[in-house]
Peer 1: 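The structure under discussion is supplied below as structure tokens; questions concerning it will follow.
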2 protein chains.
Amino acid sequence: MDAALKAVAEPRRREILRLIWSRELPATEIAERVGQVSRSAISQHLAVLKGAHLIVERRDGTRRLYRADHGEMARLRGFLDDFWADGLERLRLAAEREQQNRTSDRRNDRSDTHG
Amino acid sequence: MDAALKAVAEPRRREILRLIWSRELPATEIAERVGQVSRSAISQHLAVLKGAHLIVERRDGTRRLYRADHGEMARLRGFLDDFWADGLERLRLAAEREQQNRTSDRRNDRSDTHG
DNA sequence: CCCATAGTTCAGTTGACACTTACGTAAGCT
DNA sequence: AGCTTACGTAAGTGTCAACTGAACTATGGG
């Protein structure tokens with residue numbers, strides 16, 4: 001969840017996310033549409049987004065088609081909604097839940113996509 | 001808006017935000033409750049949050065009371081909601097709107113709080 | 001097999017950022 | 001005026017993240 005929030009905090013990645021929100025696109029075309037940046041950079045952004053489960057990848061011959069994962073984005077919304085939970089109980093639970101995640105985050109960071 | 005998203009992407013700042021979500025707290029007490037980090041670091045986090053309009057500051061003698069600004073957080077939610085706008089028109093508008101903001105972001109960055 | 005296309009990964013650079021210590025500043029008390 | 005409390009700011013450091021260019025992998029066609 002922390003990964004998703006961090007991923008979306010980057011403007012370039014939001015741009016990518018919007019491009020493939022309602023359709024599939026190959027990496028090259030994404031790079032062309034974004035412009036101003038190398039294919040390599042796009043590829044790395046896609047890796048981050050994939051690591052945050054914000055996009056899904058499908059292979060088609062030599063190409064890789066990417067598409068946004070609406071579900072994870074919905075969970076991100078829900079996460080922000082927790083800040084509105086008027087019950088203090090729910091606030092405490094959310095804080096504790098996240099604090100547990102942070103411990104593992106420090107160790108794993110972004111290395112969970114390498115396996 | 002970009003500033004708010006970036007501010008919230010940092011776990012420590014979310015922790016602070018939760019502490020002062022439903023009550024005012026002086027900086028020192030925030031630092032004590034967060035722990036594990038110097039008062040200086042907290043002060044800098046508070047500056048970032050203030051720059052993103054996510055908190056408001058009120059002075060009381062020698063102390064400074066901080067409280068979360070729910071309105072800005074609501075706007076953050078609304079921003080994420082734009083990703084769900086099914087109409088492609090609205091998607092395009094959102095993209096263009098942000099692209100305009102980005103141009104000024106490059107120049108201003110976080111310096112708009114210095115005035 | 002050789003080459004082109006599509007894309008990732010590696011190595012290295014640069015800038016941003018979270019943090020610490022030290023110092024500066026403002027308000028209140030005696 | 002001095003001292004204390006409460007806080008921000010400055011300077012410096014280590015780490016992470018975004019980027020570039022080069023090298024590598026994989027699929028498909030001649």
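Quick caveat: nothing in here was measured; it's all calculated off a predicted structure. Sequence lines set the chain letters: A, B, ... in the order given, protein chains first and strands last, and positions in each chain run from 1.
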Peer 1: A/Ile16 has an atom CD1; how far is it from atom C1' of D/dA18, in whole Å?
Peer 2: 12 Å

Peer 1: The side chain of B/Ala41 lies closest to which of these nucleotides: D/dT20, C/dC19, C/dT8?
Peer 2: C/dC19

Peer 1: What's the closest nucleotide to the side chain of B/Arg64 if the choices are C/dT8, D/dG8, D/dA18?
Peer 2: D/dG8

Peer 1: Any link between A/Val56 and A/Leu65 through a network of hydrophobic side chains (Ile, Leu, Val, Met, Phe, Trp, Tyr) touching at under 4.5 Å?
Peer 2: no

Peer 1: Quick test of your reading of the model: are A/Asp2 and B/Arg14 salt-bridged, counting only N-O distances below 4.0 Å?
Peer 2: yes

Peer 1: To the side chain of B/Thr62, which of C/dT20, C/dT5, D/dT5 is closest?
Peer 2: D/dT5

Peer 1: Which whole-number value in Å describes the distance from B/Glu15 CD to C/dC19 C1'?
Peer 2: 15 Å

Peer 1: In this structure, how many angstroms lie between the C1' atom of C/dA6 and the CG atom of A/Leu25, rounded?
Peer 2: 14 Å

Peer 1: In whole angstrom, what separates A/Leu46's CG from C/dT8's P?
Peer 2: 6 Å

Peer 1: Atom CG of A/Asp81 and atom CG of B/Leu80: how far apart are they, to the nearest 0.5 Å?
Peer 2: 9.5 Å

Peer 1: At less than 4.0 Å, is any side-chain N or O atom of A/His45 found next to OP1 or OP2 of D/dC19? Yes or no.
Peer 2: yes

Peer 1: Which whole-number value in Å describes the distance from B/Glu10 CD to D/dC16 P?
Peer 2: 13 Å

Peer 1: How would you label the contact of B/Arg59 with the nucleic acid (heavy atoms, under 4.0 Å): base, sugar-phosphate, or nothing?
Peer 2: nothing

Peer 1: Looking at the side chain of B/Lys6, which of C/dA16, C/dT8, D/dC7 is the nearest nucleotide?
Peer 2: C/dA16

Peer 1: Looking at B/Arg63, does any N or O in its side chain come under 4.0 Å of the phosphate oxygens OP1/OP2 on C/dG28?
Peer 2: no

Peer 1: Looking only at side-chain atoms of B/Ser43, point me to the closest of C/dT20, D/dT9, C/dT8.
Peer 2: D/dT9

Peer 1: Consider the side chain of B/Arg12, meaning its heavy atoms from C-beta on, and name the nucleotide among D/dA22, D/dA18, C/dC19 that approaches it most closely.
Peer 2: C/dC19

Peer 1: Would you say the side chains of A/Ser40 and A/Gln44 form a donor-acceptor pair under 3.5 Å?
Peer 2: yes

Peer 1: Using only modelled atom types and a 3.5 angstrom limit, is any donor from either the side chain of B/Ser40 or the base of D/dT9 paired with an acceptor on the other?
Peer 2: yes

Peer 1: Of A/Asp60 and A/Gln36, whose closest DNA chain D nucleotide lies nearer the 5' terminus?
Peer 2: A/Gln36

Peer 1: Rounded to whole Å, please give me the gap between CG in B/Leu65 and P in D/dG8.
Peer 2: 11 Å

Peer 1: Measure from CD on B/Glu57 to C1' on D/dG8 and round the result to the nearest Å.
Peer 2: 10 Å

Peer 1: Distance check, rounded to the nearest 0.5 Å: B/Ile16 atom CD1 versus B/Leu49 atom CG?
Peer 2: 6.0 Å

Peer 1: I need the CZ-C1' distance between A/Arg39 and C/dA6, as an integer number of Å.
Peer 2: 9 Å

Peer 1: On the nucleotide D/dA6, are OP1 or OP2 found under 4.0 Å from the side-chain N or O atoms that B/Thr28 carries?
Peer 2: no

Peer 1: Would a single hydrophobic cluster contain both A/Val37 and A/Tyr66, if residues Ile, Leu, Val, Met, Phe, Trp and Tyr are joined by side-chain heavy-atom contacts under 4.5 Å?
Peer 2: yes

Peer 1: Ignoring hydrogens and angles, answer whether the base of D/dC19 and the side-chain atoms of A/Gln44 contain a donor-acceptor pair closer than 3.5 Å.
Peer 2: yes

